[in-house]
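First the structure, in the form of structure tokens, and then the observations on it.
Note: hydrogens, waters and symmetry copies are ignored here, and every other heavy atom, side chains too, is used. Along the sequence shown, the residues carry numbers beginning at 1.
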Amino acid sequence: MQAASVGLINMVFTLLAMSLIDKIGRKRLMGIGSIGMIVSLITTAYLFQHGKGDVGILIPLLVFIASFAFSQGAVIWVFISEVFPNKVRASGQSFGTFVHWFWAAVMTWSFPIIAVMPGGGTIAFGFFAVAMILQFGFVIKYFPETKGKVLEEELA
């Protein structure tokens, strides 16, 4: 049931993001999703810190999946296809995709190593929460809004 719950939440919130991306914008979706991921990761780290890693952890993890699907999971692919000027768009998309998958692999490979350490759940989810806080700041400060822009238009 847990795997089915994750899949269902992922699908529902990806479809929701797809239906809203052109209405409320990429930057706003990324911001809302980042806040949801931060809250869910801090909650998960807290549960592990207080020895409750097996009780009630499904809820914050489902909030994380929903927040991810609503933001990064859907938006990043649209964003990197729109943000680069035509002259460097192919190279920019390639680089953006590489960076995304490289860090996804690093996080995925490092999690089991960290999780088995004493206090590993707290450390791992705490680290991911800090990473999401940094991402939220980066999105707010540096991400231009591409909603309603034509691909040939230079972004400020």
Side-chain angles (χ1 to χ4, degrees), residues 1-49 56-111 121-122 124-156:
M1 285 304 291
Q2 290 174 352
S5 298
V6 168
L8 180 64
I9 294 290
N10 194 7
M11 182 185 71
V12 167
F13 280 86
T14 298
L15 293 172
L16 182 61
M18 289 170 53
S19 70
L20 293 175
I21 196 166
D22 287 328
K23 292 179 179 88
I24 66 172
R26 291 89 169 111
K27 187 172 185 170
R28 187 184 233 175
L29 284 177
M30 287 291 286
I32 293 167
S34 293
I35 291 168
M37 286 185 280
I38 291 165
V39 169
S40 65
L41 290 167
I42 289 171
T43 302
T44 305
Y46 175 86
L47 290 171
F48 274 105
Q49 176 68 28
I57 204 160
L58 183 60
I59 299 300
L61 291 178
L62 289 176
V63 170
F64 176 85
I65 295 297
S67 300
F68 176 82
F70 186 72
S71 60
Q72 282 187 29
V75 175
I76 199 69
W77 305 113
V78 174
F79 185 78
I80 66 172
S81 71
E82 296 174 337
V83 71
F84 298 104
N86 281 339
K87 203 160 74 171
V88 295
R89 180 161 289 134
S91 298
Q93 279 186 266
S94 298
F95 180 70
T97 300
F98 169 78
V99 169
H100 177 79
W101 283 114
F102 175 81
W103 286 109
V106 168
M107 302 287 259
T108 302
W109 292 334
S110 64
F111 180 80
T122 303
F125 287 103
F127 172 77
F128 296 154
V130 170
M132 292 314 309
I133 291 167
L134 294 173
Q135 184 220 304
F136 179 72
F138 187 84
V139 165
I140 298 304
K141 184 167 177 137
Y142 295 110
F143 268 38
E145 179 55 71
T146 59
K147 175 186 116 183
K149 308 272 184 176
V150 292
L151 287 176
E152 291 75 24
E153 187 177 341
E154 291 293 319
L155 301 172

Legend entry - Least distance between heavy atoms, Ser19 atom then Lys23 atom: O-NZ, 3.0 Å
Legend entry - Qualifying residue, where the test is salt bridge (charged side-chain N to carboxylate O under 4.0 Å, His left out) with Glu82 and the options are Lys147, Arg89, Arg26, Lys149: Arg26
Legend entry - Shortest non-hydrogen contact between Leu29 and Ile24, atoms and distance: CD2-CD1, 3.5 Å
Legend entry - Val63 and Val39: CA distance, side-chain angles, deciding distance, side-chain contact (heavy atoms from CB on, under 4.5 Å) verdict: CA-CA 9 Å; Val63 170; Val39 169; 5.9 Å; no
Inset, instruction - Supply the atom-to-atom distance Ile65 CD1 to Leu58 CG, rounded to the nearest 0.5 angstrom. - result: 10.0 Å
Legend entry - Matching residue for His100 among Phe79, Phe95, Trp77 - test: ring-ring contact (aromatic ring centres under 6.0 Å, His included): Trp77
Legend entry - Worked check of side-chain contact (heavy atoms from CB on, under 4.5 Å) between Phe64 and Thr43: CA-CA 10 Å; Phe64 176 85; Thr43 302; over 6 Å; no
Legend entry - Side-chain (Thr97) to main-chain (Ser94) donor-acceptor, under 3.5 angstrom: no
Legend entry - Minimum heavy-atom distance between Ser67 and Gly33, given as atom pair plus value: CB-O, 3.4 Å
Inset, instruction - First locate atom CE of Met37, then atom CD of Gln72, and finally report the distance between them rounded to the nearest 0.5 Å. - result: 4.0 Å
Legend entry - Closest non-hydrogen atom pair, Ala45 against Thr122: O-OG1, 3.6 Å
Legend entry - Trp103 atom CH2, over 12 foreign heavy atoms within 6.0 Å: no
Inset, instruction - Report the distance from atom CD1 of Ile35 to atom CE of Met30, rounding to the nearest 0.5 Å. - result: 12.0 Å
Legend entry - Minimum heavy-atom distance between Gly31 and Phe136, given as atom pair plus value: O-CE1, 3.7 Å
Inset, instruction - Taking the six-membered ring for Trp and the full ring for Phe, Tyr or His, determine whether the centres of Phe111 and Phe125 are under 6.0 Å apart. - result: yes
Legend entry - Phe143 atom CZ, neighbour heavy-atom count above 12 within 6.0 Å: yes
Inset, instruction - Any chance you could measure Leu15, atom CG, to Asn10, atom CG, to the nearest 0.5 Å? - result: 9.5 Å
Inset, instruction - Supply the atom-to-atom distance Ser81 OG to Ile76 CD1, rounded to the nearest 0.5 angstrom. - result: 10.0 Å
Legend entry - Distance, nearest 0.5 Å, that separates OG1 of Thr44 from CD1 of Ile57: 5.0 Å
Legend entry - For Leu62 against Ile9, the heavy-atom pair lying closest together: O-CG2, 3.7 Å
Inset, instruction - Tell me, with the steps shown, if Phe70 and Ile32 meet side-chain contact (heavy atoms from CB on, under 4.5 Å). - result: CA-CA 8 Å; Phe70 186 72; Ile32 293 167; 3.8 Å; yes
Legend entry - Exceeds 12 heavy-atom contacts within 6.0 angstrom, atom CE of Met107: yes
Legend entry - Backbone N/O of Pro144 and side chain of Lys27: donor-acceptor pair under 3.5 Å: no
